[in-house]
Amino acid sequence: MTKNKKLLAWVNEMAELCKPDKVHWCDGSKEEYDRMMDEMVASGMAIRLNEKKRPGSYLFRSHPSDVARVEDRTFIASATKEEAGPTNNWRDPKELKATLTGLFNGSMKGRTMYVLPFVMGPLNSPFSIIGVELTDSPYVAVNMRLMTRMGKDALDMLGEDGDFVPCLHSVGAPLKPGDKDSTWPCAPMEDKYIAHFPEERAIWSYGSGYGGNALLGKKCLALRIASAIARDEGWQAEHMLILGLTNSEGEKTYITAAFPSACGKTNLAMLVPTLPDYKVETLGDDIAWLRKGEDGRIYAVNPEAGFFGVAPGTSYQSNPNAMHTIERDTIFTNVALTDDGDVWWEGIGTPAPDHLIDWQGNDWTPDSGKNAAHPNARFTVSAVQCPAISPDWEKPEGVPVSAMLIGGRRPRVVPLVMESRDWAHGIFLGSVMGSEITAATISDKIGQVRRDPFAMLPFIGYNVGDYLKHWLEVGEGSDPSKLPRIYHVNWFLKSDEGKFLWPGFGDNVRVLDWIVRRLKGEVGAVETPIGNLPEEKDINLTGLKDVDLSALLKVDKALWAEEAKAIAAYYEGMDRLPEELKEQLKGLQERLK
Ligand code: OXD
Ligand code: MN
């Protein structure tokens, strides 16, 4: 256990409030993990997969109402509404604490409270952050063991006097004596609260057992709370993958990329290049903490220890490294179960078997007319199982970043790649990046762009205007030659007939190749009103057929004039938008004339 007084007092206080039957301090060992899995298999919550096909792996099925992060029920309870800004759901911290205290009162009755000490970032690094999650979900406990450095090591690092971010979590389904438990207990939507208290640096999450709502180290701590800490301390917590690209001369370039959810971050992080001269090593697929080093360069650390990836669409063709990573010792959630005890999902690359059990536990055949796996079905797995994991991925100081990629799904308007003119222009591009809405319940939104600044829209723990100012400040007082260059990429351009113009996946290395050669000064660029674009001859298309580079690198001034208008309208809604970004917009409008 621990002698840390603050931790002991807090665990006692929360146990008194939540009233669990038992309190269990997790040591994070494999024995404990196996024991908890055995218990969950016995209770019917987990299904052990076929040892021969998927050794050490389990399947969980969530409640159909609890399948994803719930942005509508995610709250930033900063002191004032202005602090939370226009992109967050704000609640008064005192009122929200009172509501939640009412809900947590007795919420763990009939259950065990698991105490999960965990570290975000490498063990014993001065830059890492310790959290302690209290949860009544054993599913959360086993996932946290894979996604973070959890257990005894974290307690040792905390020591007697160390500080931690308190993370309280309950599925919100207390049991009375004799009640039969559900295999996925959770609370109704209107009672779910994913609450952040940035000033107090605390997280209270009630009612959901799924993903980022419940594994509190990830989106809640490493992005929302960490972004607020980072602003105060002069660093950055970003929704970015980190990869290392080695060329044939053995030179390594570290690249980060911020794409909105479901735009292929895991695929790019684990890319298998189609150009033989390159090798990609993975450092992280979702979150990067960025800090300026003593040499003036920006260094990136992945605070997580595992991957919580979307299963549907992942195949040996789209992401072979992810498929190898999850061949064993993996937790699957909401995928389909095959008759021989393995997993299957849409886009796995093998034809659908004649019979499956779908993600809701029902018989499924190809004629069922519905998905066998939930579109947001997930795998949870330790990062060390990835065959492409970089030897540098746990370096406490991180790796020096040379290029940052940003981008979303833009079927029109935005070219395959453009280099920002300078740091401030890169921040401008990051502030307006996003994806075109292709399927919406409100059909008049189709075709509009959902702007998602640096892919952080649901994850900024404070005012978006201040967040963008913080990005600009990172550049101020820096030697521009040491800062990473910012590139806007777009793998999703379509022809008028609706066909993708770019092959994507492993072929994205062709864009990385241009970027690396550009960083080295080996290739030039065409200056356009929107940024610097490659010359067609400089994109290596060896081995590819029928790629229309002129369409992929087109700058349509009329469409961009429309885009500039849409950006102006978007900026209107931002109360604390830095002047410099308004200047950037004016600059674009001038250049388009
Ligand atoms: C994720 C997300 O799960 O961004 O990583 O939604
Ligand atoms: Mn993400």
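Just so you know, these numbers use all the heavy atoms, side chains as well, and skip hydrogens, waters and symmetry mates. Numbering of ligands and ligand atoms starts at 1, following listing order.
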Return a yes/no value for Arg378: is any of its N or O atoms, backbone included, closer than 3.5 angstrom to an N or O of ligand 1? yes

Is any side-chain N of the basic residue among Lys192 and Asp72 closer than 4.0 Å to the acidic one's carboxylate O? no

Protein heavy-atom partner closest to atom 5 (O) of ligand 1 - residue, atom, separation in Å: Lys219 NZ, 3.0 Å

Among protein heavy atoms, which lies nearest atom 4 (O) of ligand 1, and at what distance? Ser261 OG, 2.6 Å

So, Glu83 side chain and Tyr462 main chain: donor-acceptor pair closer than 3.5 Å or not? no

Taking Trp345 for the side chain and Ala311 for the main chain, is one N or O donor matched with an acceptor at less than 3.5 Å? yes

Does a donor on one side chain sit under 3.5 Å from an acceptor on the other, for [X] and [Y]?
X      : Y      : answer
Tyr210 : Thr333 : no
His425 : Ser420 : no
Asn376 : Arg378 : yes
Thr314 : Asn319 : no

Considering only heavy atoms of Asp286, which atoms of ligand 1 have at least one such atom less than 4.0 Å away? 5 (O)

Proximal ligand 1 atoms for Arg69, defined as those under 4.0 Å from one of its heavy atoms: 2 (C), 4 (O), 6 (O)

Where the Mn ion (ligand 2) is the vertex, angle from Lys219 NZ to His239 NE2 to 10°: 90°

Decide whether the shortest distance between a heavy atom of His239 and an atom of ligand 1 is less than 4.0 Å. yes

Among the N/O/S atoms of Asp286, which is closest to the Mn ion (ligand 2)? Give the atom name. OD1

Select one of side chain, backbone, both or neither to describe which atoms of Glu71 lie under 4.0 Å from any atom of ligand 1, heavy atoms only. neither

